[in-house]
Amino acid sequence: MQQLTMGQAVNQALREEMLRDFNVFIAGEGVGVSIHDNPLMPTAGLLKDFGPERVKDTPVSEAAIAGLAVGSSVMGLRPVVEIMFNPFVTIASDMIVNHAAKLRYLSGGKSTFPLVVRMKSGAGFGAGCQHSHNLEAWMAHCPGLKVVMPGTPADAKGLLKSAIRDDNPVVFIEDMMLYFIPGPVPEEEYTIPIGKADVKRVGSDVSIVSWSKMVGVALKGAQILAENGVDAEVVDLRTLLPLDRETLLTSVRKTGRLVVLHEATRTGGFAGEICAIVAEDALNSLKAPFRRVTGPDIPVPFSPPLERFYIPDENNLVEAVLGIM
Amino acid sequence: MQQLTMGQAVNQALREEMLRDFNVFIAGEGVGVSIHDNPLMPTAGLLKDFGPERVKDTPVSEAAIAGLAVGSSVMGLRPVVEIMFNPFVTIASDMIVNHAAKLRYLSGGKSTFPLVVRMKSGAGFGAGCQHSHNLEAWMAHCPGLKVVMPGTPADAKGLLKSAIRDDNPVVFIEDMMLYFIPGPVPEEEYTIPIGKADVKRVGSDVSIVSWSKMVGVALKGAQILAENGVDAEVVDLRTLLPLDRETLLTSVRKTGRLVVLHEATRTGGFAGEICAIVAEDALNSLKAPFRRVTGPDIPVPFSPPLERFYIPDENNLVEAVLGIM
Amino acid sequence: MQPSKEKLLEMLRTMLLTRCFEDKLMELCQIPGKVPGMMILCTGQEAVASGVCAALEQDDVIIPNHRSHGHLLAKGADPGEVMAECFGKITGCNKGKSGTLHIAVPEVNALCTTTVVGGGIPIAAGTAFAQKYTSRKSITVCFFGDGAADEGSFHEALNLASLWDLPVIFVCENNLYAGAQRHEEHTRIRDIADRAAAYAMPGEVVDGNDAGAVYAATVRARERALAGLGPTLIECKTYRCRGHGESDHQVYQPREEIEAWKEKCPLPRLRGEMLAQGLMTHEELDRLEEEIRKTVEEAVRFAEESPYPDVAEAFTDVYV
Amino acid sequence: MQPSKEKLLEMLRTMLLTRCFEDKLMELCQIPGKVPGMMILCTGQEAVASGVCAALEQDDVIIPNHRSHGHLLAKGADPGEVMAECFGKITGCNKGKSGTLHIAVPEVNALCTTTVVGGGIPIAAGTAFAQKYTSRKSITVCFFGDGAADEGSFHEALNLASLWDLPVIFVCENNLYAGAQRHEEHTRIRDIADRAAAYAMPGEVVDGNDAGAVYAATVRARERALAGLGPTLIECKTYRCRGHGESDHQVYQPREEIEAWKEKCPLPRLRGEMLAQGLMTHEELDRLEEEIRKTVEEAVRFAEESPYPDVAEAFTDVYV
Ligand SMILES: Cc1ncc(C[n+]2csc(CCOP(=O)(O)OP(=O)(O)O)c2C)c(N)n1
Ligand SMILES: Cc1ncc(C[n+]2csc(CCOP(=O)(O)OP(=O)(O)O)c2C)c(N)n1
Ligand SMILES: [Mg+2]
Ligand SMILES: [Mg+2]
């Protein structure tokens, strides 16, 4: 199997879908000519291969970028637009939340908006809190959107292809750190359905629920736990909206213990939703209190030791799990 | 005691604080000259009494309104700006979330931002989903902000005065429906601390946790429940951030049952946070699964029967509570 | 280009229809429970939508705003379905989910109507991009108010549309007020059309109460757009003769100003011109007005007799 | 107003300091683990910050952007503390919480530095509002790039500032690139200063590599602002001689373009002028450069020897 980083996997997905369907185009700040002449970046090389008609560099205008997606998608195109970093989605959020997500409903089902908004997220680059701020919980609180957050290159490729083919607006969030970590990706054409979680490790003692970069942390943690006699199951949600309740509940009913792991700050984070679902529908199976392992309730600090402290790691996870065993 | 609607109570708070402190000014679309010549609206009459230097009508420019608050507050003023309806906060969210909430941290504590952003929320006016969309969960997910959502006129007045005097950015969300319902408000000067929940009804069988307009629904529901032999405790959070964990946990530890009631859509709503906290810290006390009574996961529909259906009511609440008794 | 007799008639018809439709709505919304929500009407501004849409083809897209009844009716929307939507009935254009503030009528390419001020402008850049991308022979018109021209979305969208030569016309209906804020209370510039220069785009001021002038400006801008020469900003100077919504008593609009503008009302103006130029007889006019009255009555009957959506409808149309 | 000898010297000093400071940073950030994060430098643009700040008083506020080292040093920030901040040390201006991208130095009224492109512009309207509200005899200067002038925040803020006659100068550093997008790839207008007309505001194009011209324009705009006449937009034409960040190899910047602009470098220009006009001897210049080298060395030493913040610091300064 080919070994690709997530940046390369996203690149392949974009490339394949652009080849398959002329209606697919990409737009964003530097998606064509970029300050990163780095082949690992998701849109590297696409301008050369598809030309400036389909690879649109835009002004620094996030609201217009998202509006371009809304307007072109209602006409039948399949835009894949990029918001450079997660916190800048604020500027585009009126377009995404009040328009992309609602205009179909407001039209009584007459209009559709098959668009994808890609964005980079995640701390770890010393860029500080205006670049690093995971806001997936905002997007997952908006009916009308789908929210996808892959944790591996293979998932990213298959899910992005599904997102592009989906007739609904999809917010697709890529953790930048994953751009640089290779993993196996099937050679043949495939897609992965949106809305299906993936059990990345089967276990019986505790369900570790996670997504995006934190899936890797969960697997590392599970390894350490195994050495300590704890058999953890790692559930990679992959899609936050719509959520795969089935896989989540099945896992927790089996293990009786829930630990949710995400990088976003704790209060109001999407772990709350997971906890609520389990406490509503699987309370009888529970053997221990829940635990959330998350970024602390602070803006992401710049200074290396503080930023490292901010990002949850396998030790935080192991400690939390052992605390409820 | 005087009987005031929440609009009048907010008006009194603004008036008193503007009299007390010249640094307090208000700004927003129509906060002075308004399309509503209605004395129940929160800013009615302030232009006449304080003049156009302190009551600033702005262009339709939400980002600039929020930026005005950020910039003027760092200079020592105490702006109280209005974003007309909750969904328009999207346009101001870069200023509120990436700037108001983070610039103090980014300055290493050298700068402070004593600002208040007021906004109207809530369905029930046939305005549809671009006017009616409760996004308090977004704001409560942002460290650096405080988020206040009063449920009674007296709380609104006392909390808004505290918000204006607070040296941190406070998002103050008023449900429009409450503008028209009178309630008792003390005549004398008082404030209510931000971050303190209020037990609005003491009970022993179930903790109904709510805020804003839904507190009234909770109390109505508790009445019906009492007639059915269920003694409900109603916890009005009043402040979502920082959250009064103490009062919440004390209540649930006592009753053993948790029902969270909010108008916002379910998935990703702030009920999740409440559930997570309780499932982390009070699981042993629980006698039944949690229940969330919320708006369904749809944009707020316009048509009267659909909009009524959208808004959670006392019957939905009673049914949910009885289901776990 | 001066409008033909047919075009003049078309414009007069849609103006009369819009006026009659909205007068009726204003009447009905006084009856408690009849028409829910706000009533944002375009009384006095009808020449803009009518003039613009008379210059468009069916394939051309319009992006209306919160003050949309005129846009929709001029683009050919069914009055009964629009009325039913205002009532919140299942037979409405949007199954009652939208209500008056964001009625979209995709059948006539009235798309993405939004009540977020300025929200339609970047979307219009998007629809125009699609038209260009697929080499369609059609354009987009975006309607918005003077207030919307202060939103950041206006700026970003006009810059992008100009940069990419998108086939779009930005029609600013300057009705002198943004909510309760008079033009000079929300911006320092006199003519919003002057903002076009900030994007190297042509900008034009038009008498928005002169349907023919609006028509002619739109024809020119449309030709420019179709020729690949890019967008145009047209500012139509007009006046909001009623309050912002039905509960707005216009305390901030000077009486004399309202009266002066009523004198300039676009309906009697076009009607008068057509009669004076012999393009229409009094009899034909009476017949037209009668026909429109019937259409609106029929629309009201349709709306009244239609059922509300079933509650189960609340859950449909969120996703495909 | 032509700058006095003292002003010229002040500008030369801050330009040399900025250049030396940033050259050092560029050197250091090649050493793994030394200077974390991105390195966004203003090499070639030093005359803008220096010229502007030479025209300001201590009480005047500046709102820098992501490319801020020049702004901060010209406004009088301590080089050691700025360097320590870039290193992420506790002795940095912001205790290491900000890093290079959003260093604020409230001690010299460099406030609210933001790396959100365009984010500082509405904030500058806010600080200027406060200056006016409290009748201070000071103004605000907002620095931003050509790319930022495409953001909606630019539009909303300039409109508001003009409407209310706020004492603010909007300084657009047009360095010909927004990220990898060349000026003409992100907007159709040639001069961003022309956008001022969209807000009935004066706009002026200045040679951004001529510190004296920048100074003079700032002095005029500041007088205007203090006189209650409102804001000014000044576009400084300059050039980003390095890549956007340290990892940008400028593949999209034509070699000849870079070379041509290096010829126009503001440092030798001012230095040459001062020497030619006899305002300074070669010896004095050498001494100045030596002094600056020492200052920067001292700054680096300070930064290197300072400790990182304790992890407990992560939790402070979120709230008052
Ligand atoms: C983003 C946003 N802000 C505020 C409002 C509230 N609002 C509705 S209409 C209106 C005035 C708009 O003025 P203008 O653009 O001139 O349009 P007009 O109503 O005059 O047709 C305002 C402020 C809104 N709907 N959307
Ligand atoms: C809102 C936002 N969008 C995108 C970015 C990413 N970004 C950082 S700098 C930059 C280019 C800005 O260009 P310009 O305003 O000309 O400033 P310059 O970097 O040339 O000084 C971009 C797009 C950002 N920081 N903020
Ligand atoms: Mg208007
Ligand atoms: Mg630039």
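Reminder, nothing fancy here: chain letters follow the sequence lines and each chain counts from 1.
Salt-bridge check for C:Lys97 with C:Glu313: passed, with a basic side-chain N closer than 4.0 Å to an acidic carboxylate O. We find that C:Glu305 and C:Lys89 are not joined by a salt bridge, their nearest charged nitrogen and carboxylate oxygen being 4.0 Å or further apart. Between A:Arg20 and A:Glu17, at least one side-chain nitrogen of the basic residue sits less than 4.0 Å from a carboxylate oxygen of the acidic one, meeting the salt-bridge criterion. A salt bridge does not link C:Arg136 with C:Asp59: none of the charged nitrogens is closer than 4.0 Å to a carboxylate oxygen. At a threshold of 4.0 Å, the pair A:Glu16-A:Lys161 counts as salt-bridged, since one of the basic side-chain nitrogens sits closer than that to a carboxylate oxygen.
Among all heavy-atom pairs drawn from A:Ile83 and A:Val89, the shortest one is CG2-N, 3.7 Å.
A donor-acceptor pair under 3.5 Å links the side-chain atoms of C:Glu156 to the main chain of A:Ala64, judged by distance alone.
Looking only at heavy-atom pairs under 4.5 Å with chain A, the residue among C:Pro106, C:Ala124, C:Ala104 that has the most is C:Pro106. Of the listed residues (A:Glu53, A:Lys56, A:Arg54), the one with the most heavy-atom contacts under 4.5 Å to chain C is A:Lys56. Most heavy-atom pairs under 4.5 Å with chain A, from the set C:Gly119, C:Gly99, C:Ala157: that is C:Gly119. If you tally non-hydrogen atom pairs under 4.5 Å between each of A:Ser107, A:Pro114, A:Pro169 and chain C, the highest count goes to A:Ser107. Ranked by non-hydrogen atom pairs under 4.5 Å with chain C, the options A:Met75, A:Arg104, A:Lys110 are led by A:Arg104.
Proximity to chain A (any heavy atom under 4.5 Å) is shown, for C:Thr140, by neither the backbone nor the side chain. C:Thr316 touches chain A through its backbone: at least one of N, CA, C or O sits under 4.5 Å from a heavy atom, while the side chain does not. For C:Ala110, no part sits under 4.5 Å from any heavy atom of chain A, backbone or side chain. Interface remark: C:Glu85 contributes no atoms to any contact with chain A (heavy atom separation under 4.5 Å). Contacts of C:Val61 with chain A are made by side-chain atoms alone, with heavy-atom separations under 4.5 Å and no backbone atom involved. Of the two parts of A:Asp94, only the side chain, counted from C-beta on, holds a non-hydrogen atom closer than 4.5 Å to a non-hydrogen atom of chain C. For A:Phe22, the parts lying under 4.5 angstrom from a heavy atom of chain C are both the backbone and the side chain.
Under a cutoff of 6.0 Å and an axis angle of 45°, A:Lys157 and A:Tyr190 do not form a cation-pi pair.
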